[in-house]
Amino acid sequence: MNLRNITADKLVALYQNRDLTASEVITSVYDDIERTDKEVHAFLSNCRERALEEARRMDTRIAAGEPLEPLAGVPVAIKDNMTIRDMTTTCGSRILENYVPPYTATAVERLRGAGAIVVGKTNCDEFAMGSSTENSGFFVTRNPHNLDRVPGGSSGGSAASVASGTSLIALGSDTGGSIRTPAAFCGVVGIKPTYGRVSRYGLVAFASSLDQIGPIAKSVRECAQALEVISGFDHFDSTSADTAVPEFVKNLDQPIKGIRIGIPKEYFVAGLDAEVRTKIEAGMRIYEDLGCELHEISLPHTEYAIATYYLIATAEASSNLARYDGVRYGLREAADSSLQEMYRRTRHHGFGQEVKRRILLGTYALSAGYYDAYYLKALKVRTLILRDFQKAFEQVDIILAPTSPTVAFKIGEKTGDPLSMYLSDIFTITQPLAGIPAISVPCGKNSENLPIGLQLMANHFQEGLLLGVAHHFEKAGGFVV
Amino acid sequence: MIHPYEAVIGLECHAQLLTKSKLFCSCSTKFGDPPNANTCPVCLGLPGALPVLNRVAVTMAVKAAIGLNCTINPESQWARKNYFYPDLPKGYQISQYDRPLGHHGFIEIKLEGKQKRIGVQRVHMEEDAGKSLHEGFPDSNRSTYLDFNRSGVPLIEIVSDPDIRSSAQAYDYLARLKQILEYLDVCDGNMDEGSLRCDANVSVRKFGDQKLGTRTELKNINSFRFVQKAIDYEVHRQIEVIESGGQVVQETRLWNSVEERTVSMRSKEEAHDYRYFPDPDLPLLVVDSEWIKTIQRSMPELPESRRERFEKEYALSEYDAGVLTTTRALADFFEETAKLSGHAKTAANWIMGDLLRFYKDNNVDLKDLSGSRVTPRMLAGMISLVDKGTISGKIAKTVMEEMYKSGKDPLQIIEEKGLLQISNTAEIEKIVNQVLEENPKPVEQYRLGKTGNFGFFVGQVMKATGGRANPQTVNEILKKRLAG
């Protein structure tokens with residue numbers, strides 16, 4: 001039994017036919033974690049006892065011939081910035097090293113409600129701030145395709161777990177590419193839904209107006225299934241959309257002939273790796289062969305995206321991370337002299353360099369005298385970026401671009417140069433700013449056998465179309481498990 | 001010499017709304033529960049928890065804003081006020097900043113017969129913080145305990161324009177604000193429990209100057225008396241600073257109620273930069289005209305207009321109307337009694353005289369008279385018994401007291417205690433004869449022309465009948481008999 005060769009839908013079918021038990025599967029998952037995770041380091045914590053208990057219960061139900069939920073007995077991994085009651089939730093940060101939340105995130109609750117079995121929590125950049133999972137306060141996760149390479153970030157542990165076969169579906173969160181970049185680097189599928197599609201309740205906030213939970217899996221079908229389960233209005237998140245959730249899985253095979261696909265010229269510029277470009281262009285030809293129309297389009301404000309993103313995201317983060325003050329939970333560093341000293345020492349030791357950099361940046365952007373020039377200006381540019389997309393979606397149904405300008409880079413390659421790290425997100429930050437959904441699907445490998453991701457974007461709440469278009473691509477391109 | 005300075009004062013008041021649950025979660029707002037009993041991931045600011053707006057709180061806040069004559073913003077915005085403090089669990093307070101719920105309102109005050117309009121700059125909603133407990137624990141010398149029961153309790157902040165010119169005006173503004181909030185049933189106005197809190201911005205300038213002087217902000221003035229004292233102290237302090245050639249420093253000062261003075265807390269340089277920005281966890285607060293209309297329909301008559309109406313409708317003096325409209329409950333009590341008895345003035349006298357004295361002696365809260373043993377129906381019943389001559393006015397006082405003590409119906413009291421008025425002429429004649437027989441000397445004096453002692457005979461008859469004799473009948477018979 002190796003999860004790398006099977007998908008969730010097939011696994012559930014095997015259970016249904018009683019060819020396999022959930023206990024066997026979960027047991028083998030933990031064997032695999034023990035074997036491979038020593039090298040990959042995808043997991044921060046696991047919950048073997050509870051998972052095995054859930055598997056046994058599932059087996060009793062299977063044996064009794066009960067109808068099974070769509071993700072019955074499917075092993076899933078959860079990025080460690082989502083709360084699960086009675087399991088540590090560290091966000092990859094020392095400041096929350098021993099923090100155990102008293103409640104479970106809505107998305108996780110819904111996955112469990114659909115029969116999924118959580119096997120563990122995955123590593124990430126501290127508070128989801130990073131593009132490589134090197135910013136974890138605990139250890140670096142490695143790319144299963146090449147252990148010297150990063151898995152992408154910040155949901156690197158989730159993507160690496162799926163790619164190395166220690167879970168079938170993993171939840172990640174995407175603020176500026178944190179689902180799509182690791183999916184691309186690890187050769188799997190990852191979708192960032194429309195802002196508001198999935199409840200953020202229980203997702204530890206990085207940048208509240210951008211954060212969105214989404215699934216990572218080996219196939220579009222599994223992503224569609226997981227997304228269908230976790231989507232929908234949640235009373236506990238005032239920003240979750242009260243919009244009907246379509247049947248994503250059922251509609252995957254809808255014909256895509258005549259679909260208009262936009263190719264934004266701003267995404268095909270210097271800095272885009274030649275091999276990545278070749279594969280993306282090959283991907284375009286696949287769509288032409290499928291009867292889609294390709295149109296060159298322009299998203300003129302793309303060049304301001306990095307600056308805009310790093311003002312808005314850091315401003316919100318500076319406020320969101322204020323609660324980690326050592327007073328009520330998490331790390332507290334002793335200080336004899338004063339409360340201020342306790343704050344300073346706790347936050348000095350608890351947060352890593354990148355988190356501190358962003359808190360400082362965001363605090364500055366919101367400060368009296370700078371607010372208008374930075375934060376307010378960034379909000380205005382954000383509106384312009386949204387308008388770029390609105391105009392584009394008047395002409396086309398889907399936008400196609402690379403997910404990342406490069407394949408997975410080497411561990412340590414960019415850690416000394418934050419700006420070059422920020423620039424690696426260039427293709428994945430405009431979508432959260434505009435709130436639109438985007439998916440990364442594998443589109444082949446480079447000469448070093450490293451995966452390349454093709455990114456598709458759609459208008460707000462058009463995940464159904466997005467998943468269908470991606471599904472046809474993986475079939476036609478032969479990028480299926 | 002005419003005092004050359006005038007004070008310029010603005011008040012910032014925080015009022016706790018009377019909701020059952022908190023502003024952004026369903027935890028109870030109950031006062032006095034064990035520490036941290038009423039908390040959840042949301043009001044503890046746990047990682048990943050999100051705020052969900054309590055619509056009842058918004059309804060109450062809109063009510064208050066309308067009651068303070070504000071314009072309601074159809075779209076107001078939640079903002080985060082960022083600062084570090086141990087009892088502030090998220091490191092920011094959810095408040096409103098550049099788009100408050102209501103703006104441009106006013107409160108009418110009246111001092112020494114002069115009416116004055118004090119502007120209400122804004123009314124905005126926000127959540128309360130928790131409470132730091134610095135005292136009362138064995139290790140209080142080195143530890144502070146935190147109680148988050150109050151964290152997330154809904155507040156409104158009411159900011160006045162700098163229209164107030166004296167501590168007496170400030171007092172009156174505050175009293176009327178409290179009264180309006182109580183009438184609307186949106187705040188209990190209790191300054192001791194902190195459900196109404198007040199800060200004052202104070203500056204002074206020479207009369208005639210247009211430019212405002214440098215202001216200081218006074219905190220910790222949490223009683224009506226302290227508001228007046230603190231402002232008086234601060235105004236004098238600022239004048240002294242200027243008169244001695246100095247300059248007032250812009251700063252926050254704390255009122256020390258023991259030493260009765262204000263002390264510097266932090267300077268302008270040390271002031272927080274709260275880094276307000278729109279809260280991305282909450283959509284715009286939309287209050288559409290439908291909602292406003294529904295709220296307007298549920299608004300009770302407010303004290304100002306009720307007082308005016310009482311003066312006109314019931315021919316009451318301004319003073320009486322003022323007293324009777326102190327609280328909504330008292331005004332309701334009066335109005336019901338007036339209607340049931342048909343004698344508004346008499347009702348007013350009984351309430352303002354005997355009843356209010358009873359209430360005061362027994363520390364009854366005039367905001368809630370639902371537990372009062374004397375009801376408007378009973379009081380009206382008693383008034384009409386006097387009116388019909390069933391009992392005398394004097395006996396009525398006894399009945400009133402008995403009603404307050406026992407809660408019994410006036411008729412029942414009269415029957416049980418045999419207090420029925422004696423109007424029977426024969427019976428009274430008998431008693432009069434007896435009184436005259438027993439007092440030959442006064443009778444003789446009267447008949448000799450010293451008629452001034454007539455009251456003595458009345459008193460004797462009343463004494464003999466326990467006050468029950470009809471005074472008119474007594475007068476008539478006495479006059480006849482004394483005439484010989």
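Nothing here was measured: the structure is a model prediction, and the numbers come from that model. First the proteins, then the strands, lettered A, B, ... as listed; each starts at 1.
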- Query: chain B heavy atoms under 4.5 Å from A:L321: which part of the residue, side chain, backbone, both or neither?
  - Reply: neither

- Message: With a 4.5 Å cut-off on side-chain heavy atoms, are A:S319 and B:R275 touching?
- Response: no

- Heavy atoms, side chains only, cut-off 4.5 Å: are A:S238 and B:D281 in contact? no

- Which residues, numbered in order, of residues 13-39 of chain B come under 4.5 angstrom of chain A by heavy-atom distance? none

- Taking the side chain as every heavy atom from C-beta outward, state whether A:E316 and B:F277 have any atom pair closer than 4.5 Å. yes

- Tell me, for A:N81 versus chain B, whether the close heavy atoms (under 4.5 Å) come from the side chain, the backbone, both or neither. neither

- Message: Looking at A:Y374, I want to see if its OH is surrounded by more than 12 non-hydrogen atoms of other residues, nucleotides or ligands under 6.0 Å.
- Response: no

- Message: If I measure from the heavy atoms of chain B, does A:A105 come under 4.5 Å with its side chain, its backbone, both, or neither?
- Response: neither

- Query: Can you name the salt bridge (charged side-chain N to carboxylate O under 4.0 Å, His left out) partners of B:R150, sequence neighbours left out?
  - Reply: B:D128

- Note on the structure: Taken to the nearest 0.5 Å, the spacing of A:R323 CZ from B:F84 CZ works out to 11.5 Å

- Query: Within the side chain of A:Y324, is there an N or O that forms a donor-acceptor pair under 3.5 Å with the backbone of B:P47?
  - Reply: no

- Message: Are A:D325 and B:K90 packed together at the side-chain level, in the sense that at least one heavy-atom pair is separated by less than 4.5 angstrom?
- Response: no

- Name the region of B:L146, side chain, backbone, both or neither, that has any atom closer than 4.5 Å to a heavy atom of chain A. side chain

- Item | A:Y343 versus chain B, the contacting section by heavy-atom distance below 4.5 Å | side chain

- Task: Could you tell me which portion of B:Y274 (side chain, backbone, both or neither) has an atom closer than 4.5 angstrom to a non-hydrogen atom of chain A?
- Result: neither

- Query: Roughly how far, to the nearest 0.5 Å, is the CG atom of B:L46 from the OG1 atom of A:T83?
  - Reply: 9.5 Å

- Item | Whether over 12 other heavy atoms sit under 6.0 Å from B:H134 NE2 | yes

- Query: For B:R215, does the CZ atom have more than 12 heavy-atom neighbours from other residues, nucleotides or ligands under 6.0 Å away?
  - Reply: no

- Query: Would you say the side-chain atoms of A:R328 pair up with the backbone N or O of B:P89, donor to acceptor, closer than 3.5 Å?
  - Reply: yes

- Query: Roughly how far, to the nearest 0.5 Å, is OH of A:Y371 from CG of B:D273?
  - Reply: 12.0 Å

- Rounded to the nearest 0.5 Å, how far apart are OG of A:S318 and OH of B:Y92? 11.0 Å

- Around atom OH of B:Y97, are there more than 12 heavy atoms of other residues, nucleotides or ligands at under 6.0 Å? no

- Message: So if I take each residue of residues 197-212 of chain A and look for any heavy atom under 4.5 Å from a heavy atom in chain B, which residues do I end up with?
- Response: A:R200, A:Y201, A:G202, A:L203, A:V204, A:S208, A:S209

- Counting heavy-atom pairs under 4.5 angstrom with chain A, the leader among B:L44, B:L50, B:V42 is B:L50

- Residues of residues 355-365 of chain A near chain B, each having a heavy atom less than 4.5 Å away: A:T363

- Contact leader toward chain A among B:G45, B:G91, B:G48, where contacts are heavy-atom pairs under 4.5 Å: B:G48

